[in-house]
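The next block holds one structure in the form of structure tokens; read it before the comments.
Because the structure is predicted, anything quoted here is derived from the model rather than measured. Just so you know, these numbers use all the heavy atoms, side chains as well, and skip hydrogens, waters and symmetry mates.
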Amino acid sequence: MVFIWWVTFRRKKKSSEDYNVACILTLPCHQKKGYGRLLIEFSYLLSQVEASWVLQRKPLSDLGLLSYRSYWSNAVLESLIQYMENATESPPNLTILELCDRLCMKKDDVISTLQHLNLI
């Protein structure tokens, strides 16, 4: 077994900062292989399972920011495509807050992602 990444989850059900993940670390020799993205996705899935708006830690490095931005972009686009395919009203109407609820993402992260994708 090879040590590739490290993740530390909160020990208490309610932390003072309300984070669900304390640390995500991918060793340099294993970066750019998708492990960080997998861990980021897992932390958001954990938020959805807990049905809570726990805060996601912000990346500390430029490479971490790229990983988060890649995950956010993919998640937002997948959610928008799924919404458009299942929309019953014409034209489809989805608010940013509804998108936040679907993705368990903070409003600022959704807005910055939509801006990064030139969708708003």
Side-chain angles (χ1 to χ4, degrees):
M1 181 174 179
V2 178
F3 179 71
I4 297 172
W5 44 263
W6 177 262
V7 119
T8 306
F9 293 96
R10 69 175 184 214
R11 301 267 187 242
K12 302 180 228 173
K13 192 67 174 168
K14 279 287 190 190
S15 70
S16 61
E17 296 172 336
D18 209 19
Y19 292 121
N20 69 343
V21 174
C23 177
I24 294 176
L25 169 72
T26 305
L27 296 175
C29 59
H30 297 289
Q31 291 177 351
K32 296 187 179 186
K33 295 181 181 178
Y35 298 118
R37 181 184 173 90
L38 175 71
L39 296 171
I40 292 168
E41 184 173 3
F42 179 73
S43 73
Y44 278 96
L45 289 173
L46 184 62
S47 297
Q48 291 175 348
V49 168
E50 292 181 346
S52 66
W53 275 68
V54 293
L55 298 174
Q56 303 294 325
R57 289 254 186 210
K58 292 294 182 188
L60 298 176
S61 68
D62 292 339
L63 193 54
L65 178 60
L66 289 175
S67 296
Y68 268 88
R69 189 170 286 153
S70 172
Y71 171 77
W72 292 335
S73 297
N74 190 43
V76 166
L77 288 174
E78 282 182 7
S79 185
L80 289 174
I81 289 169
Q82 182 183 27
Y83 180 79
M84 296 295 285
E85 289 174 349
N86 299 325
T88 56
E89 69 265 1
S90 181
N93 185 21
L94 178 67
T95 67
I96 290 176
L97 291 179
E98 290 171 334
L99 195 53
C100 293
D101 286 339
R102 295 179 105 190
L103 300 171
C104 290
M105 287 174 60
K106 292 189 333 181
K107 182 180 174 184
D108 293 341
D109 295 336
V110 171
I111 290 172
S112 70
T113 300
L114 291 170
Q115 289 172 337
H116 177 74
L117 295 169
N118 292 322
L119 296 176
I120 59 171

Partner set under side chain to side chain donor-acceptor pair (under 3.5 Å) for Glu78, not counting sequence neighbours: Asn74
Backbone of Leu38 reached by a side-chain donor or acceptor of Tyr71 within 3.5 Å: no
Verify same cluster id: Leu65, Ile111 (apolar side-chain graph, 4.5 Å): no
Trp72 reachable from Leu117 in the ILVMFWY side-chain graph, under 4.5 Å edges: yes
Side chain to side chain donor-acceptor pair (under 3.5 Å) partners for Ser70, two or more places apart: Arg37
Under 3.5 Å donor-acceptor, Ser79 side chain and Ala75 backbone: no
Between CG on residue Asp108 and OG1 on residue Thr113, distance to nearest 0.5 Å: 10.5 Å
Hydrophobic cluster identity match, Leu119 and Tyr68, side-chain contacts under 4.5 Å: yes
Beyond-backbone contact of Leu103 with Asp109, side-chain heavy atoms, under 4.5 angstrom: no
Side chains of Leu80 and Leu114 in contact at under 4.5 Å (non-hydrogen atoms): yes
Separation of Arg69 CZ from Asp62 CG (nearest 0.5 Å): 10.0 Å
Side-chain heavy atoms of Arg102 within contact of Tyr83, under 4.5 Å: yes
Heavy atoms from other residues, nucleotides or ligands near CG of Asn86 exceed 12 (cutoff 6.0 Å): yes
By side-chain contact (heavy atoms from CB on, under 4.5 Å) - contacts of Thr95 (at least two apart): Leu97, Glu98
